[in-house]
Number of protein chains: 2
Amino acid sequence: MATRSMKLPRHPKPRTGARPAPAQGQPSPDTRARILNTAFQLFHEQGYHATGIATILREAGVHPGSMYHFFPSKDALLVGVLEHALELLRPAVMDPAERRTGDPIGRVFELLEQYREGMHAWGCKMGCPIGNLALEVADDNAVARNLVHRNFENWSLAVQKWLDEAGGRLPRGTDRAQLSRFVLTVMEGGIMQARAAGNLAPFDDSVAQLRAYFDALEKLAKSEQERRKARK
Amino acid sequence: MATRSMKLPRHPKPRTGARPAPAQGQPSPDTRARILNTAFQLFHEQGYHATGIATILREAGVHPGSMYHFFPSKDALLVGVLEHALELLRPAVMDPAERRTGDPIGRVFELLEQYREGMHAWGCKMGCPIGNLALEVADDNAVARNLVHRNFENWSLAVQKWLDEAGGRLPRGTDRAQLSRFVLTVMEGGIMQARAAGNLAPFDDSVAQLRAYFDALEKLAKSEQERRKARK
DNA sequence: CCTCCTCTTGAGCGATCAGTCAACTCATAT
DNA sequence: ATATGAGTTGACTGATCGCTCAAGAGGAGG
């Protein structure tokens, strides 16, 4: 039973003000990407709930209907942003850290140094875009929560790969997956405290402790190896 | 030049619906506390921006004018909540951990265990109320940011006191202030990942790594002491 | 009794919120 | 040439946002 005649024109006025026709209706192929980039940036700067759709639209130069064509809701936009972040993670975060040094354990701390530089550049504001969303939306959007989780997983998986490459420099039996997650823990916890403090000291302190932990692990691995050598 | 006659009655109607006079106008001395408790809980459950004033008022059974009598703005309410949290921290968090064990280093891990139990009870939701606010409001409310910072400081200061009590069990020259902040780092980072994962594994992993670090430190301190003893 | 003063009441404000929709453009397919 | 459908336009909606304020309640001090 189709409800015909339900829809009647809501804009019966033909067009009162003549307008210079600013390139109407032509699809710009990067609209979706522009929305995604703008939303990602604004969510990072202001948080999810504090960012209104109107702001995203203004900054991206997009009209509401256009955005809702690609993302049927604000939550869907959030999901899109997190998927976008998932794709961005390797080229924008892990690859630069790898380019800094070939030393596998060195890469872990270059990665942290990268975040430090980001924090410094923004005056200890904003922090980690994924971490922020983790705490803000994890409870009420299951899909988004899972995507945050996958972002974290990919992050620590990349770190784990470096740890695996470090081979004998870590003690035998080291749970490298657990250790890689621990690196993420230290990064996020350090950034949180640095934001609250308004300076990088808590972050630097956290990294220093992690460094001490790694030094202890490497030392332990060394003495392990020497003991093995001596037994021969 | 006083603008007299500016104000005219906005509610000229005397009272249309007779109502059973539910104790009107009488000041209940705990109104402020009720607002604070309700707001603290709602900010914890939903976040700051996601919580509307109307919800706080409804849950606390308070009228807007009453709330704005004590807190002139939502931001001021946030500041009040964070001051409230500052007072709550010792009796509600640190004291219970101290009651669990007398062992100073054991207390550190009992504290973490407490947070673990909280997370478990809430199904890995909500997380740390202060940590959540740290990431959500640190950038745009300087007073709130500083109060978050002071909450963190008090937390790690209490941990530091325990570490100081541990005395010789930690290596000489250990930066106990830095180490205490590192414990907070691990707690917050672990909780963040547990929320994203929807289970406690990442938190447990983080604590396990911290435990390994402490074990290494204690072992180092022991060998230090034995070396000193042998030199005698 | 009256005057303060703190606190409460609750309708109401303008602004903004996320979201809607009929009309439109235009490249492509037929 | 016509039809199709993806993408765009922008005025619009109802709900909710944080917040206001004149009026009143009731205790304290005179």
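Proteins come first, then strands; the chains are lettered A, B, ... in the order of their sequence lines, and each starts at number 1.
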When the distance from [atom1] of [X] to [atom2] of [N] is rounded to whole Å, what number comes out?
{"X": "Arg34(A)", "N": "dT8(D)", "atom1": "CZ", "atom2": "C1'", "answer": "11 Å"}
{"X": "Phe70(A)", "N": "dG19(C)", "atom1": "CZ", "atom2": "P", "answer": "17 Å"}
{"X": "Gln46(A)", "N": "dT16(C)", "atom1": "CD", "atom2": "P", "answer": "14 Å"}
{"X": "Asp30(B)", "N": "dC7(C)", "atom1": "CG", "atom2": "P", "answer": "13 Å"}
{"X": "Arg32(A)", "N": "dA6(D)", "atom1": "CZ", "atom2": "P", "answer": "15 Å"}
{"X": "Ile35(B)", "N": "dC7(C)", "atom1": "CD1", "atom2": "P", "answer": "11 Å"}
{"X": "Ile53(A)", "N": "dT20(C)", "atom1": "CD1", "atom2": "P", "answer": "11 Å"}
{"X": "Lys74(B)", "N": "dA15(C)", "atom1": "NZ", "atom2": "P", "answer": "19 Å"}

Side-chain N or O of Ser73(A) closer than 4.0 Å to phosphate OP1/OP2 of dA18(C):
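Checking Ser73(A) against dA18(C): no side-chain N or O falls below 4.0 Å of OP1 or OP2.
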
Under 4.0 Å: is that the gap between some side-chain N or O of Thr31(B) and OP1 or OP2 of dC7(C)?
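Looking at the OP1 and OP2 atoms of dC7(C), neither is under 4.0 Å from any side-chain N or O of Thr31(B).
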
Those residues that, when tested against Arg176(B), pass side chain to side chain donor-acceptor pair (under 3.5 Å) (two or more places apart):
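Arg176(B): side chain to side chain donor-acceptor pair (under 3.5 Å) contacts with Asp164(B).
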
Under a 4.0 Å threshold between the charged nitrogen and the carboxylate oxygen, would Asp139(B) count as salt-bridged to Arg195(A)?
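So Arg195(A) pairs with Asp139(B) through a salt bridge.
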
Salt bridge present between Arg181(A) and Glu188(A) (N-O < 4.0 angstrom):
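Looking at Glu188(A) together with Arg181(A), the answer is no, because their closest N to O distance does not fall below 4.0 Å.
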
Classify the nucleic acid contact of Thr55(B) as base, sugar-phosphate or nothing, counting any heavy atom under 4.0 Å across all strands shown.
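The residue Thr55(B) makes no contact with any strand.
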
Validation: residues 152-159 of chain B side-chain donor-acceptor distances under 3.5 Å, sequence neighbours left out:
from: Trp155(B); atom 1: NE1; to: Tyr115(B); atom 2: OH; distance (Å): 2.9
from: Ser156(B); atom 1: OG; to: Phe152(B); atom 2: O; distance (Å): 3.0
from: Ser156(B); atom 1: OG; to: Glu153(B); atom 2: O; distance (Å): 3.3

Under 4.0 Å from any atom of DNA chain D, heavy atoms only: list the residues of residues 57-68 of chain B that qualify, in numerical order.
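Nucleic-acid contacts, sorted: Pro64(B), Gly65(B), Tyr68(B).
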
Please check: side-chain N/O of Glu136(A) versus main-chain N/O of His49(A), any donor-acceptor pairing under 3.5 Å?
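Here the side-chain-to-backbone pair exists.
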
Tell me whether Arg116(A) forms a cation-pi arrangement with Phe203(A), defined as NZ or CZ under 6.0 Å from the six-membered ring centre and within 45 degrees of its axis.
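No, cation not above the ring by the 6.0 Å, 45° rule.
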
Check the angle between the aromatic planes of Tyr213(A) and Tyr213(B) and answer parallel, tilted or perpendicular using the 30° and 60° thresholds.
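Tilted.
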
Which nucleotide sits closest to the side chain of His69(A): dC7(C), dG7(D), dG19(C)?
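Nearest to the side chain of His69(A) among the choices is dG7(D).
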
